[in-house]
2 protein chains.
Amino acid sequence: MNDLDLGVFIKDHRKKAGLTQLQLADLAGIGKTTVFDIEKNKETVRFNNLLAVLQVLNIKIEFKSPLTK
Amino acid sequence: MNDLDLGVFIKDHRKKAGLTQLQLADLAGIGKTTVFDIEKNKETVRFNNLLAVLQVLNIKIEFKSPLTK
DNA sequence: CATTATATACTGTTTTAACGGTAAAAATAC
DNA sequence: GTATTTTTACCGTTAAAACAGTATATAATG
């Protein structure tokens, strides 16, 4: 993927939004454990749950290939 | 997310790589059903499985927020 | 056309992520 | 310092993704 630490990235944005893990979980409609897992870079989480968290935090996801670049 | 149709995007890249769904599945180390699901935009797939497919197809994933922009 | 390859669809089983509950550790507030 | 909040960690249960197998539909090839 990237060299970006997605878990830390998300945690930072959650903090800046003034949210606790539980609040973020509720807003995203998922469990607190899943938020915790995501911030710990557990990659076996479901994609839709990750997307829900990103949406709450206003983080966009982009896909780039050498072709489209 | 985006207006990008990720399933079609992945399918296109698979075709350009000259791979069948089964070949892509084997290369990514996942089942053919999951590749099929991903190309059908089933968002409940596991993030790691999606990443495995993207890696085989040389597609990078990026996360952007209004802050980091 | 027929034949082959590929994609799509469905099914039953197995694996495991998701979840809430709880508890302990760490951070923050008083 | 203590009290409170938040985070981290573990656990048992439940729901569902992953998977291989199979079957059918579609596409490509001779």
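Letters go in sequence order (proteins before strands), and every chain restarts at 1. Predicted model, so just to flag it, every value in this text is computed and none were measured.
- Rounded to the nearest 0.5 angstrom, A:Lys16 NZ and A:Lys11 NZ are separated by 13.5 Å.
- Applying the salt bridge (charged side-chain N to carboxylate O under 4.0 Å, His left out) criterion to B:Arg14, with sequence neighbours excluded, gives B:Glu39.
- Running 5' to 3' along DNA chain D, contacts with non-hydrogen atoms of chain A at under 4.0 Å begin and end at D:dT6 to D:dA17.
- When all heavy atoms of B:Ala17 and B:Leu57 are compared, the pair lying nearest together is CB-CD2, 4.3 Å.
- There is no path of hydrophobic side-chain contacts, each under 4.5 Å, that joins B:Phe36 to B:Leu54.
- Neither B:Val56 nor B:Val8 shares a network with the other; the hydrophobic side chains, linked directly or stepwise wherever heavy atoms of I, L, V, M, F, W or Y lie under 4.5 Å apart, form separate groups for each.
- When every heavy atom of A:Gly7 is checked against every heavy atom of A:Asn41, the shortest pair comes out as N-OD1, 2.8 Å.
- DNA chain C is contacted by B:Arg14, B:Lys15, B:Thr20, B:Gln21 of residues 14-28 of chain B, taking any non-hydrogen atom closer than 4.0 Å.
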Any N/O pairs under 3.5 Å between the protein and nucleotides 21-27 of chain C? List them or say none.
| from | atom 1 | to | atom 2 | distance (Å) |
| --- | --- | --- | --- | --- |
| C:dG21 | N7 | A:Lys32 | NZ | 3.4 |
| C:dG21 | O6 | A:Lys32 | NZ | 3.0 |

Interface polar pairs with nucleotides 15-17 of chain C, N/O, under 3.5 angstrom:
none

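- Both A:Asn48 and B:Glu39 lie close to DNA chain C; mapped to their nearest nucleotides by heavy-atom distance, the more 5′-ward contact belongs to B:Glu39.
- B:Leu27 and B:Leu22 are not part of a single hydrophobic cluster, where members link through side-chain heavy atoms under 4.5 Å apart.
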Quiz prompt | side-chain contact (heavy atoms from CB on, under 4.5 Å) evaluation trace for A:Ile38 with A:Thr34 | solution = CA-CA 6 Å; A:Ile38 288 174; A:Thr34 304; 4.2 Å; yes
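- Taking every heavy atom of both residues into account, B:Leu19 and B:Gln23 meet most closely at CA-OE1, 3.3 Å.
- Just one residue in the list B:Asn48, B:Leu24, B:Val35 forms a side chain to side chain contact (heavy atoms under 4.5 Å, CB included) with B:Ile30, and that residue is B:Val35.
- The C1' atoms of five pairs define one axis at each end of the helix from C:dC1-D:dG30 to C:dC30-D:dG1, and these two axes lie 60° apart (to 10°).
- A distance of 9.0 Å separates NZ in B:Lys32 from CD in B:Gln21, rounded to the nearest 0.5 Å.
- Between atom CD of residue A:Glu43 and atom CG of residue B:Leu50 there is a gap of 10.5 Å, rounded to the nearest 0.5 Å.
- Separating the CG atom in B:Asp12 from the CG atom in B:Asp5 is a distance of 9.0 Å, to the nearest 0.5 Å.
- Ring pair B:Phe63/A:Phe9 is tilted by interplanar angle, where 30° to 60° counts as tilted.
- When all heavy atoms of B:Ala52 and B:Ala28 are compared, the closest pair comes out as CB-O, 3.6 Å.
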